[in-house]
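Index from 1, following the sequence.
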Amino acid sequence: MSTQAYTASASLLRRVSERSRKTHRGGAVAWLVLGGMVCLCLLGSLLLALPAAVAEDAYLSWDYGDAAFTAISAVTCTGLTLKSTAAHFTFLGQLVILLLIQAGTLTILFAGVALARLVGQALAASAPGRALARPPGVPTVRFVLTATFVCELVGAALLYPMFAVRSDGSALPVVERAWYSLFHAVSAFCNAGFTLYTRGFLQGLSEDWSSPLREAWQVYGVIAPLIVLGGLGMSVL
């Protein structure tokens with residue numbers, strides 16, 4: 001069985017490679033993804049290196065290497081951080097991280113759709129009578145953007161009630177609650193692993209830490225489904 005699976009996989013990959021060479025689409029997609037990722041990482045690292053992106057008391061211990069690491073982690077949705085996103089960055093820094101997460105995820109999603117189309121074309125070319133799969137067009141791009149933003153906005157709306165108070169028990173302003181909701185919805189759908197709390201969802205909602213965020217139903221009823229939906233990818237959806 002394993003030999004048959006290997007043979008089938010190798011044959012499919014060979015067809016995809018041949019198809020991409022004939023259409024020159026595979027190489028273009030690869031270079032587009034690579035170039036897009038590199039540009040996002042460079043731009044993000046420069047923005048995160050700005051004094052306005054880092055809290056005043058933390059800037060002296062911040063250098064470009066730290067900024068580059070954080071930008072790369074955000075673009076690739078790795079979730080590794082050298083500093084606390086909540087305590088180390090200003091609103092500008094957090095906004096840059098969120099935009100890097102979103103842009104990196106969209107790049108990966110579009111690349112996945114393009115790869116799926118190449119596989120479809122390779123299969124169609126090997127089966128007589130089957131129509132060739134069409135290249136990704138405007139409807140595909142529209143679906144990817146719509147599905148992404150709808151999932152994130154619905155998730156943010158459902159998360160909004162969870163962010164009612166700060167750790168010290170004081171009420172969060174409406175704008176701040178909306179920001180927390182949007183950030184965590186995008187981070188969850190993109191599988192990014194970034195959070196605006198120093199202890200993640202172990203963070204307490206009261207001074208004695210008696211009510212951690214992980215006890216809220218939204219963690220399991222909203223964030224977990226967003227992670228699954230984002231991880232499935234657009235080809236599955």
Side-chain angles (χ1 to χ4, degrees), residues 40 44-45 47-59 61-62 66-67 69-106 148-149 151-227 229-231:
L40 284 174
S45 63
L47 292 174
L48 291 177
L50 295 175
V54 183
E56 186 176 352
D57 57 346
Y59 187 72
S61 60
W62 187 247
D66 298 332
F69 185 96
T70 305
I72 293 172
S73 180
V75 170
T76 57
C77 297
T78 306
L80 298 176
T81 57
L82 297 173
K83 305 288 184 179
S84 168
T85 307
H88 193 81
F89 295 98
T90 61
F91 172 76
L92 175 62
Q94 294 172 2
L95 178 61
V96 170
I97 290 174
L98 183 65
L99 293 176
L100 291 175
I101 291 171
Q102 187 72 91
T105 297
L106 289 175
T148 298
F149 294 143
C151 288
E152 292 172 350
L153 290 176
V154 171
L158 294 174
L159 287 176
Y160 182 80
M162 185 172 71
F163 302 107
V165 296
R166 296 188 178 92
S167 299
D168 59 4
S170 60
L172 274 174
V174 173
V175 175
E176 195 169 347
R177 289 177 67 181
W179 169 242
Y180 272 62
S181 303
L182 180 62
F183 187 97
H184 289 94
V186 173
S187 181
F189 183 79
C190 299
N191 288 214
F194 284 80
T195 176
L196 294 180
Y197 289 99
T198 55
R199 299 183 70 239
F201 289 121
L202 289 174
Q203 188 86 13
L205 295 180
S206 58
E207 291 183 354
D208 59 0
W209 305 90
S210 60
S211 180
L213 280 167
R214 67 178 181 180
E215 294 182 359
W217 70 267
Q218 287 93 336
V219 172
Y220 307 97
V222 180
I223 290 180
L226 282 176
I227 293 172
L229 285 174

**Whether Thr70 side chain and Asp66 backbone form a donor-acceptor pair below 3.5 Å** = yes

Listed by chain and number, what are the side-chain contact (heavy atoms from CB on, under 4.5 Å) partners of [X], not counting sequence neighbours?
X: Ala49; result: Tyr64, Ala67
X: Ala224; result: none
X: Cys151; result: Phe189, Leu226, Leu229

**Item:** Residue that, paired with Val186, satisfies side chain to side chain contact (heavy atoms under 4.5 Å, CB included) out of Leu98, Thr105, Leu153, Leu99
**Value:** Leu98

**Item:** Option from Leu47, Ile72, Val75 for which side chain to side chain contact (heavy atoms under 4.5 Å, CB included) with Leu100 holds
**Value:** Val75

**Asked** How are the rings of Phe163 and His184 set relative to one another: parallel (under 30°), tilted (30 to 60°) or perpendicular (over 60°)?
**Response** parallel

Which heavy atom of [X] sits nearest a heavy atom of [Y], and at what distance?
X: Gly155; Y: Ala185; answer: C-CB, 3.9 Å
X: Ala157; Y: Pro161; answer: O-CD, 3.6 Å
X: Ile223; Y: Met162; answer: CD1-CE, 4.5 Å
X: Leu92; Y: Ala53; answer: CD2-N, 4.3 Å

Indicate every side-chain donor-acceptor pair of residues 78-85 with a distance under 3.5 Å to a residue at least two apart or in another chain.
residue	atom	partner	partner atom	Å
Thr78	OG1	Thr76	OG1	2.7
Ser84	OG	Ala86	N	3.3
Ser84	OG	Ala87	N	3.2

**Message:** Taking the ring of Phe194 and the ring of Phe183, is the distance between their centroids below 6.0 Å?
**Reply:** no

**Spacing of Glu152 atom CD and Ser181 atom OG [to the nearest 0.5 Å]** = 13.0 Å

**Complete:** Contacts of Trp179 meeting side chain to side chain donor-acceptor pair (under 3.5 Å) (sequence neighbours excluded), chain-then-number -> Gln94

**Asked** Can you name the side chain to side chain donor-acceptor pair (under 3.5 Å) partners of Thr90, sequence neighbours left out?
**Response** none

**Asked** Are Arg177 and Tyr160 in a cation-pi contact, defined as NZ or CZ under 6.0 Å from the six-membered ring centre and within 45° of the axis?
**Response** yes

**Message:** Set out, in order, the CA-CA distance, both residues' side-chain angles and the distance that settles side chain to side chain contact (heavy atoms under 4.5 Å, CB included) for His88 and Val54, then state yes or no.
**Reply:** CA-CA 6 Å; His88 193 81; Val54 183; 3.4 Å; yes

